[in-house]
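First comes the structure, then the notes that go with it.
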Amino acid sequence: MESGSIPLADVPGGFDLQSTLESGQTFCWRREDGRAYETDDAHGGSAWYYTATEGEVVRVRHREGQLEWEATTDADGLLVERLRLDDDLPTIFEAVPDDPLVADARAAYPGMRLVDDPFFPCLVSFICSAQMRVSRIHGMQTALAREFGEAIEFDGETYHAFPTPERLAAATEAELRELGLGYRAPYVRRSAELAAAGEVDPADVRAKEYEDARDALQAFVGVGDKVADCVLLFSLDFLEAVPLDTWIRTAIEDHYPDCDRGSYAETSRAIREAFGGEYAGYAQTYAFHYLRSRY
DNA sequence: AGCCAGGCAAGTG
DNA sequence: CACTTGCATGGC
């Protein structure tokens, strides 16, 4: 076992592990204490979280100004990338117009960051997210890993990586329904087939202009505008993407009524502009977590 | 008991 | 293009 720590004093704008991992933007991490992600749970501040990916297991916790980690391999680089520790939050929020909702959200969750998740797990988790609560989406991804993911031994425990596209494409719809995926089961299976066949190359999508990239992702099954925006924001580095889910639509009604332009495409343009363009997705994710936690 | 949850696909007008 | 309907499931 290797271990190490990342001093958080050097991270511009600070870092909050619990809100970053439990705000409903990533379903690639689990708490060692096994608790489901609930916005009113205040016990995650010093908990261990782990992820398993590509044969490796990494676990982290926040302790005394450090991000401590233990892993099957050196994890400094992975953590900086996946938790976006190089993002300069003060500079990013200079680009976001001073706005009461976003300001309140920042005050409530200082140091919350976007994540940079692996493409396929991110895609599947947001296909599963349709008409579903955050804690249940998390439970589905846990079940998919348990049933179909590679087993990895680490520190006397067995962990499961998220399954490969090939493995999920080989699952039957009935097997997926048994995990509680409901009508999303065929979407996941068919999208896994497309991913395994290389029909849509994430690297190609990443190179496109934002709206073209959003359209391209909809070649997957179960992916419309909203899910595509989530994948762009949380996995493909499109920080301007603003997923228009039920919470943000309500926020638009209450706080930005001028941005409601009817269609997804036009409302998206308007709210992206209201959130300052380039880093609008940061504002969206803060607003989403803040509104949901106050409900 | 009914309503809702980080919507989408397929069908119609 | 806009609009409607059906779709699983669990928690409140």
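Here is how names work: the chains are called A, B, and so on, in the same order as the sequence lines, proteins then strands, and each is numbered from 1.
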Any residue meeting salt bridge (charged side-chain N to carboxylate O under 4.0 Å, His left out) with Arg272(A), in chain and number order, not counting sequence neighbours: Glu211(A)

Partner residues of Ser191(A) under the side chain to side chain contact (heavy atoms under 4.5 Å, CB included) criterion, sequence neighbours left out: Ile127(A), Phe220(A), Val221(A)

Separation between the C1' atoms of dA9(B) and dG10(C), rounded to whole Å: 23 Å

Range on DNA chain C touched by chain A - first to last nucleotide, heavy-atom distance under 4.0 Å: dC7(C) to dG11(C)

P gap between dA8(C) and dG11(B), integer Å: 15 Å

Pairing of Glu193(A) and Arg190(A) as salt bridge, 4.0 angstrom limit: no

Lys/Arg-Asp/Glu bridge criterion (N-O < 4.0 Å) met for Glu70(A), Arg59(A): yes

Side chain to side chain contact (heavy atoms under 4.5 Å, CB included) involving Glu56(A) - partner list, sequence neighbours excluded: Thr72(A), Thr73(A)

Carboxylate-amine/guanidinium contact Glu273(A) Arg269(A), below 4.0 Å: no

Salt bridge present between Arg84(A) and Asp237(A) (N-O < 4.0 angstrom): yes

Nucleic acid contacts of residues 236-256 of chain A, taken as heavy-atom distances under 4.0 Å to DNA chain B: Pro243(A), Asp245(A), Thr246(A), Trp247(A)

Met140(A) CE - dG6(B) P separation (whole Å): 11 Å

Integer-rounded Å distance: dG7(B) P and Arg133(A) CZ: 11 Å

dG6(B) versus dT5(C) - spacing of their P atoms, nearest Å: 24 Å

Phe234(A)/Phe27(A) under ring-ring contact (aromatic ring centres under 6.0 Å, His included): CA gap, chis, key distance, verdict: CA-CA 11 Å; Phe234(A) 303 134; Phe27(A) 301 94; 8.8 Å; no

Nucleic acid footprint by protein, nucleotides 8-13 of chain B - heavy-atom cut-off 4.0 Å, B for base, S for sugar-phosphate alone: SS----

